[in-house]
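Throughout, residue positions are numbered sequentially from 1 according to the sequence presented.
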Amino acid sequence: MANAQAGGQWYPPEWPGRIRALASGELTPVTPKRAATVMLLKDTGAGPAVHMLRRRTSMAFAGGAYAYPGGGVDPRDDDRHVRWAGPSLDWWASRLGVDRAGAQAIVCAAVRETYEEAGVLLAGPAPDAVVGDTTGADWEADRAALVARALSFAEFLDRRGLVMRSDLLGAWTRWITPEFEQRRYDTWFFVAALPEGQRTRNASTEADRTVWITPREAAGGYDRGELLMMPPTIATLRQLTAYGTAAEALGAAPARDLTPVLASARLVDGEIVLSWPGHDEFTKHIPTGGAPA
């Protein structure tokens, strides 16, 4: 079970031992899997709110932590033809720092996971349209098939004659799980606005609660130790507090730096110092034989 250190920071009790094993050469880092997650926004009287879900405490990775809809890339989505609206695949490849096939798969993952976990679909029958209500039984059957991986997202779009609305997404940041973690992900974070006519629901079997909450409220809950979050989640929430509308956040996305954020662990004066570049609030000092401070 994870515990919290500063505020609501997710900090698994096995980390110190794994960090020491990595530093001593006893632990070989696993290769991170590509993933995508989406900060879905809607405007409220108090500014934009973001859709968050709380991962079930039984989850092996980040159980009990608040997060955004997201998950791993499906390699089946990297080369199948997808009807595409918005910036070209070449543009997305340059923006995300990958090749064209990788870009398609990552953007598909962002849109697919938002549909799987929140019931919101960033696709439409034409390049300038978005589907309406997606809560019918036929939609739910397709969503369940996507979750079970019986259907790839590219196949789903093709079957329904839908166009992927990549123009509704903005790439925001990129984080890579630390090398000492058992489960590692290379994750691209996106922002998107809730399409008119659609509504969110807790469609995920991995979550026991979903909320619409302003980034400022969520950050306050984290600071009080009431909401458990991983470093990239609280870091992105703090960044979103600067924007007064969802459109402002989306407008800021193209200029965002997508240099990956990767934690480093180094030995300094007999203790291990764990840090995330550019994010000093997460720095931890771990005595060689004790608990972090």
**Q** Name all pairs fulfilling the salt bridge (Lys or Arg N to Asp or Glu O under 4.0 Å) condition that reach into residues 240-249, sequence neighbours left out, sorted by first residue then second.
**A**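 Salt bridge (Lys or Arg N to Asp or Glu O under 4.0 Å) check on residues 240-249 returns no pairs.
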**Q** Is D186 salt-bridged to R174, going by a charged N under 4.0 Å from an acidic O?
**A**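 A salt bridge links D186 with R174.
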**Q** Is R165 reaching over with its side chain to a backbone N or O of P127, donor-acceptor style, under 3.5 angstrom?
**A**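 Judged by distance alone, yes, a pair lies under 3.5 Å.
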**Q** Answer yes or no on whether R160 is positioned over the face of W139, meaning its NZ or CZ is under 6.0 Å from the six-membered ring centre and within 45° of the axis.
**A**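 Yes, R160 and W139 form such a contact.
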**Q** Strictly under 6.0 Å, is that where the ring centroids of F156 and Y115 end up?
**A**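 Yes; Y115 has its ring centre under 6.0 Å from that of F156.
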**Q** Can you check side-chain hydrogen bond (donor to acceptor under 3.5 Å, both in side chains) on Y68 and T236, steps first, answer last?
**A** CA-CA 11 Å; Y68 312 114; T236 49; 2.8 Å; yes
**Q** Salt bridge or not between R184 and E181? Use side-chain N to carboxylate O under 4.0 Å.
**A**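 A salt bridge is absent here (no side-chain N lies under 4.0 Å from a carboxylate O).
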**Q** Which class fits the ring pair W276 and F282: parallel under 30°, tilted 30 to 60°, perpendicular over 60°?
**A**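 The rings of W276 and F282 stand perpendicular, inter-plane angle above 60°.
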**Q** With the threshold set at 4.0 Å, does a side-chain nitrogen-carboxylate oxygen contact exist between D223 and R238?
**A**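 A salt bridge is present here (some side-chain N lies under 4.0 Å from a carboxylate O).
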**Q** Under the salt bridge (Lys or Arg N to Asp or Glu O under 4.0 Å) definition, can you give me all pairs with a residue in residues 98-114, not counting sequence neighbours?
**A**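 Output for this query lists D77-R112, D90-R100, R112-E116, E113-R149.
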**Q** With ILVMFWY side chains joined below 4.5 Å, transitively, what does I176's cluster contain besides itself?
**A**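 Result for I176 is L262.
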**Q** Measure up the H51 and W212 rings against each other and bin them: parallel (under 30°), tilted (30 to 60°), perpendicular (over 60°).
**A**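 Correct class here is tilted.
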**Q** Under the 3.5 angstrom rule, does the side chain of E179 hit a backbone N or O of L22 as a donor-acceptor pair?
**A**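 Here the side-chain-to-backbone pair does not exist.
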**Q** Heavy atoms, side chains only, cut-off 4.5 Å: are L194 and L41 in contact?
**A**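 No - every pair of side-chain heavy atoms lies 4.5 Å or more apart.
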**Q** Taking E140 for its side chain and T135 for its backbone only, find out whether a donor-acceptor pair lies under 3.5 Å.
**A**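 Not confirmed, E140 side chain does not pair with T135 backbone.
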**Q** Mind checking whether Y243 and W172 have ring centres under 6.0 Å apart?
**A**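 Yes.
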**Q** Scan side-chain atoms only and decide if Y185 and R34 contain a donor-acceptor pair under the 3.5 Å cut-off.
**A**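 No donor-acceptor contact under 3.5 Å links the two side chains.
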**Q** Roughly how far, to the nearest 0.5 Å, is the CG atom of D167 from the CH2 atom of W84?
**A**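 W84 CH2 to D167 CG: 10.5 Å, rounded to 0.5 Å.
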